[in-house]
Peer 1: 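Please see the structure below; I have some questions.
Bear in mind the structure is a predicted one, so any value in this text is a computation, not a measurement.
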Amino acid sequence: TILPEYSASQVLDGVARHKINNVHLVPTMSGSVRDALETEPADLSSLKSILKADSPITTTLLLRALNALPNCRFIQSYGATESGMVTALSPTDHIAARLGDDDEVLMSCGKPVAERTVRIVAQEKECAGREIGEIEIRSPGMMERYWEDPVATRAAIADGWLKTGDLGFLDEKGFLYIVDRKNDRIVTGGEIVYPTEVEEHLSRLKGVAEAAVFG
């Protein structure tokens with residue numbers, strides 16, 4: 001795992017020097033590594049796969065990384081400390097999206113992996129279609145309770161479902177899309193705006209390298 005405090009130059013040097021096969025990068029580091037490659041060529045022939053997790057990534061940033069490392073497999077995962085990994089966007093999904101006309105799937109975090117179940121809930125009802133709601137999950141590796149905190153446990157787990165605090169939706173093919181954290185959404189002019197949506201649009205503008213939106 002490459003920690004955020006490491007610079008892109010250190011990442012490139014470490015992969016080349018130690019012939020690393022697999023790395024785990026947070027999304028912003030994927031872009032930094034790609035940018036560094038333009039001025040600091042490095043031998044990354046040993047690199048076979050990159051696991052992306054921990055936060056959403058914009059389509060623009062991901063496409064830049066995919067094009068910079070065409071021979072590397074990319075995997076996007078989603079999960080929680082309380083449940084472990086829940087979904088995965090496979091290398092095959094990444095390739096299909098890059099070669100096809102529709103890159104929307106690159107904004108998703110994939111489909112539930114074996115023995116994991118995901119549902120979207122809003123106002124105590126399960127959502128249909130692309131309706132946005134809180135992501136709830138069931139997993140055989142899910143925690144039983146918070147240590148010595150029954151109040152937090154009851155708030156987080158109900159009928160075997162873990163409330164993640166993340167907002168998202170499922171598309172027609174079963175891909176899960178993370179919209180934002182429940183507490184991060186912005187209400188303005190009577191409308192609900194999600195920071196990640198604004199960041200996605202900003203990142204598509206010419207001259208924008210990174211974008212961060214806060215309420």
Side-chain angles (χ1 to χ4, degrees), residues 22 24-27 30 48-67 72-143 156-185 192-201 203-204:
N22 311 292
H24 176 187
L25 298 176
V26 297
S30 299
K48 297 179 180 179
S49 66
I50 294 178
L51 173 65
K52 314 182 308 297
D54 304 319
S55 64
I57 184 171
T58 64
T59 305
T60 301
L61 183 59
L62 180 52
L63 285 172
R64 286 165 55 196
L66 287 169
N67 292 330
C72 186
R73 298 177 302 171
F74 283 74
I75 305 164
Q76 171 76 28
S77 71
Y78 168 73
T81 302
E82 294 89 344
S83 64
M85 181 185 289
V86 178
T87 70
L89 187 67
S90 71
T92 302
D93 294 327
H94 282 84
I95 294 172
R98 183 173 59 182
L99 297 179
D101 296 328
D102 186 5
D103 59 10
E104 182 189 31
V105 72
L106 293 178
M107 295 178 64
S108 82
C109 49
K111 296 180 179 180
V113 296
E115 298 186 72
R116 272 65 174 173
T117 308
V118 174
R119 72 177 184 181
I120 309 298
V121 177
Q123 297 180 343
E124 300 184 0
K125 293 183 179 180
E126 189 167 352
C127 299
R130 291 172 171 255
E131 185 180 355
I132 294 173
E134 183 172 7
I135 299 169
E136 296 189 359
I137 55 183
R138 288 165 75 169
S139 161
M142 197 171 79
M143 70 166 192
I157 302 176
D159 298 324
W161 290 91
L162 173 70
K163 302 175 188 293
T164 64
D166 293 322
L167 294 174
F169 65 88
L170 292 165
D171 71 6
E172 298 78 9
K173 297 180 180 180
F175 287 94
L176 176 66
Y177 292 75
I178 308 298
V179 174
D180 226 313
R181 289 291 295 172
K182 191 174 181 179
N183 295 332
D184 288 346
R185 58 185 173 184
I192 294 177
V193 177
Y194 299 100
T196 53
E197 292 180 326
V198 184
E199 290 167 356
E200 172 70 22
H201 286 288
S203 70
R204 292 174 183 263

Peer 1: What is the distance from atom OG1 of Thr92 to atom CZ of Arg73, rounded to the nearest 0.5 Å?
Peer 2: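 Between atom OG1 of Thr92 and atom CZ of Arg73 there are 9.5 Å.
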Peer 1: Show, in sequence, the C-alpha distance, side-chain angles and deciding distance for Glu126 and Ile120, and conclude whether the side-chain contact (heavy atoms from CB on, under 4.5 Å) test is met.
Peer 2: CA-CA 6 Å; Glu126 189 167 352; Ile120 309 298; 5.9 Å; no
Peer 1: As an exercise, state the distance from CD1 of Ile157 to CD of Glu82, rounded to the nearest 0.5 Å.
Peer 2: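 So the CD1 of Ile157 and the CD of Glu82 are separated by 8.0 Å.
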Peer 1: Measure across Glu172 and Arg130 and return the closest heavy-atom pair with its distance rounded to 0.1 Å.
Peer 2: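 Shortest heavy-atom contact: OE2-NE, 3.1 Å.
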Peer 1: By salt bridge (Lys or Arg N to Asp or Glu O under 4.0 Å), which residues pair with Glu124, not counting sequence neighbours?
Peer 2: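 Per chain and number, Glu124 pairs via salt bridge (Lys or Arg N to Asp or Glu O under 4.0 Å) with no residue.
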Peer 1: I need the Met142 CE to Arg138 CZ distance, nearest 0.5 Å.
Peer 2: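 Those atoms lie 8.0 Å apart.
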Peer 1: Going by an N to O cut-off under 4.0 Å, is there a salt bridge joining Arg181 and Asp166?
Peer 2: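 Result for this pair is yes, salt bridge flagged.
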Peer 1: Side-chain donor-acceptor pair under 3.5 Å between Thr59 and Glu200, yes or no?
Peer 2: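 Judged by distance alone, the side chains do pair up.
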Peer 1: Is Glu134 salt-bridged to Lys163, cutoff N-O under 4.0 Å?
Peer 2: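 Salt bridge between Glu134 and Lys163, a charged N being under 4.0 Å from a carboxylate O: no.
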Peer 1: Indicate the atoms forming the closest heavy-atom contact of Ser108 with Gln76, along with that distance.
Peer 2: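 Here Ser108 and Gln76 meet closest at O-CG, 3.9 Å.
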Peer 1: Closest heavy-atom contact between Gly168 and Ile135?
Peer 2: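 Looking at all heavy atoms of both residues, the shortest contact is N-CG1, 3.9 Å.
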Peer 1: Could you go through the side-chain contact (heavy atoms from CB on, under 4.5 Å) check for Arg116 and Val113 one step at a time?
Peer 2: CA-CA 6 Å; Arg116 272 65 174 173; Val113 296; 3.8 Å; yes
Peer 1: Going from CD on Glu136 to CG on Asp159, what distance comes out if it is rounded to the nearest 0.5 angstrom?
Peer 2: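 One gets 9.5 Å once the value is rounded to the nearest 0.5 Å.
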Peer 1: So which atom in Glu115 and which in Pro140 form the shortest heavy-atom distance, rounded to 0.1 Å?
Peer 2: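 Shortest heavy-atom contact: O-CD, 3.1 Å.
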Peer 1: Would you indicate whether the side-chain heavy atoms of Ile75 and Lys52 approach each other to under 4.5 Å?
Peer 2: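 The answer is no; the side chains never approach within 4.5 Å.
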Peer 1: Are any side-chain N or O atoms of Asn67 and backbone N or O atoms of Leu63, one a donor and one an acceptor, separated by less than 3.5 Å?
Peer 2: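 Flag set: sc Asn67 to bb Leu63 pair under 3.5 Å.
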Peer 1: Let me see the working for Leu176 and Val86 under side-chain contact (heavy atoms from CB on, under 4.5 Å), right down to the final yes or no.
Peer 2: CA-CA 10 Å; Leu176 176 66; Val86 178; 5.9 Å; no
Peer 1: Is Arg119 reaching over with its side chain to a backbone N or O of Ile137, donor-acceptor style, under 3.5 angstrom?
Peer 2: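 No, Arg119 side chain to Ile137 backbone: no donor-acceptor pair under 3.5 Å.
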Peer 1: Provide the closest heavy-atom pair for Thr87 versus Val118 in the form atom of the first, atom of the second, distance.
Peer 2: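 Heavy atoms of Thr87 and Val118 come nearest at CG2-CG2, 4.1 Å.
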Peer 1: Rounded to the nearest 0.5 Å, what separates atom SG in Cys109 from atom CG in Leu89?
Peer 2: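 CG of Leu89 is found 8.0 Å from SG of Cys109.
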Peer 1: Which pairs pass ring pair (Phe, Tyr, Trp, His ring centres under 6.0 Å) with one or both residues in residues 159-181, sequence neighbours excluded?
Peer 2: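 Output for this query lists Phe169-Tyr177.
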Peer 1: For the NE2 atom of His24 and the OG atom of Ser49, what is their distance to the nearest 0.5 Å?
Peer 2: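 It is 11.5 Å, given to the nearest 0.5 Å.
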Peer 1: Taking all heavy atoms of Phe74 and all of Ala65, pick out the closest pair and write down the distance.
Peer 2: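 What the structure gives for the nearest pair is CZ-O, 3.6 Å.
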